[in-house]
Amino acid sequence: MSSATSATTRRESRLEQGPTFPVLDTLRAVGALAVVTTHVTFQSGDYVRHGIVGALLSRLDVGVAIFFVLSGFLLSRPYFARAELGEPHPSARRYYWKRLVRIYPVYVVTVVIALVLIGENDFGGSVLGWLRALTLTDVFVTGRMPQGLTQMWSLSVEVTFYLLLPPLMALLLGRRTGLHTRRILPMLGLGALFSCWWVVSLAAEADKVTSGTPLLWLPAHLTWFLVGIALAAAHVLHQSGSTSRALTGLVALAQAPGVCWTMAAGLLLAAATPLGGPILLLAATPTQSLLKHLTYAVVAGLVVLTGLFTASRSRYAQLMSTPWLRHLGHISFSTFCIHLVVLHGVRLVLGHDLFTGDGLRLWVLTVAVSLAGSEVLYRLVERPALRLKGLSTRKDMPRGRAQSAATTSTTR
């Protein structure tokens, strides 16, 4: 056996095409809880009642950045792994089908609940209002989201990223076998520069010619996805045996999760100062917007990093991989979807007026009812829909492999 063939064999034995990342399941739950908390504390008015603590609560919208980095990592990694092994890109048809059954059923149920039960969403019988909500296009054609669905701007961003990922990965990887960092890193850098330019200037220009909300479009958040894509490339290179100095340093940082979380907390604290812009719905300066954008990218990257290279037997990995925490991650998408409808109902039952305090009680009730509702959605909607993931897969597989895929499809 030649040395080149031997090296290729060793690389293939180390590189996993479909590894599991148990810690990332729990980090999904962390992101969802952060989003729920920042929305509850906004509606209670606690942003402005507790000094720096209130300001920090306003910055828990960083949970969205965590979701986007996770998506960038998990969805791009199969492309990098297959490229490194000299295999073709994943099937685009299969990929798009999996994304559809993953998010749309729960989303549709949430839209129907919000539009039917929340009185403020009376569209006067307008079919267009329903169509915009059901197709996730509100942010592109109007500056106002329906009540109970205002968080769904981020799902519109996610879906746009889903649609663009296959051509983006084709652009990053080209036609050659293997990962070529001299191609990948500059292109990721250019994408991040474009995203920063959009945040600082281009969104304001686009706002002059559209009735939508350009700061809630993919370009304004692309950097966060690109961080996840960069981490995916790093993970594949590490499993393939790369020993570059930068990669070694990244792995060493990941294996010190306490350091990562401390750095993330420090950066979030800095973002809670005027450097990160106003904490209420006021316009930030371009510099403040850019600093917040980049800070969130680093914070989310550090958080996700803790779930990638940490030894499975470490205390951190064992704690973050406990079944009940991972289950919270499994239901986190339903939690994200339903929590504002729940918050609206909780405030209605309590007779709570906006910005009048009582944040702790609102938070406890909203979290408790959202988790209960999420469990119902997960069992009755998500899991049955996830079983459909294998339909597209089985069309392209031999019979034996198709049966195996059907068995495991609900776990991813």
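For clarity, every value in this text was computed on a predicted model and none was experimentally measured.
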### Task
For the residue pair H339 and F336, categorise the inter-ring angle as parallel (less than 30°), tilted (30 to 60°) or perpendicular (more than 60°).
tilted

### Query
Are R99 and E158 within salt-bridge range, i.e. N to O under 4.0 Å?
no

### Message
Can you confirm whether M263 sits close enough to L253 that some side-chain heavy atom of one is under 4.5 Å from a side-chain heavy atom of the other?
### Response
yes

### Query
Regarding S195 and T223, is there a side-chain donor-to-acceptor distance under 3.5 Å anywhere?
yes

### Query
Which atom pair, heavy atoms only, marks the closest approach of L179 to A83?
CD2-CB, 4.1 Å

### Task
Give the C-alpha distance, both sets of side-chain angles, the deciding distance and a yes or no for salt bridge (charged side-chain N to carboxylate O under 4.0 Å, His left out) between D61 and K292.
CA-CA 11 Å; D61 59 349; K292 183 179 178 183; 3.5 Å; yes

## Note on the structure
What one should report as the nearest heavy-atom pair of R144 and D138 is O-OD1, 4.1 Å

### Task
Assign the ring pair F68 / W153 to parallel, tilted or perpendicular, where the plane angle (0 to 90°) is split at 30° and 60°.
perpendicular

#### Entry: Minimal non-hydrogen separation, C196 against H293, with atom names
SG-CD2, 3.9 Å

### Query
Any side-chain heavy atom of L226 within less than 4.5 Å of one from I229?
yes

### Task
Describe, in one word, how the ring planes of H327 and H330 are oriented to each other, choosing from parallel (under 30°), tilted (30 to 60°) and perpendicular (over 60°).
perpendicular

### Minimum side-chain heavy-atom gap T295-L268 below 4.5 Å
no

### Task
Measure the shortest side-chain to side-chain distance between H89 and L173 over non-hydrogen atoms and say whether it is less than 4.5 angstrom.
yes

### Query
Of all heavy-atom pairs between L27 and I66, which one has the smallest distance, and what is that distance?
O-CG2, 4.1 Å

### Message
Please report whether the ring centroid of F21 lies less than 6.0 Å from that of F73.
### Response
yes

### Message
Quick one: does any side-chain atom of T110 pair with a main-chain N or O of V106 as donor and acceptor, under 3.5 Å?
### Response
yes

#### Entry: Side chain proximity check, C260 to V303, heavy atoms < 4.5 angstrom
no

### Message
Does any part of the side chain of T37, heavy atoms only, come nearer than 4.5 Å to the side chain of W363, both counted from C-beta?
### Response
yes

### Residue pair D46 / G359: nearest heavy atoms and the distance that separates them
OD2-CA, 3.3 Å

#### Entry: Nearest non-hydrogen partners of G228 and S76, listed with the distance
O-OG, 4.3 Å

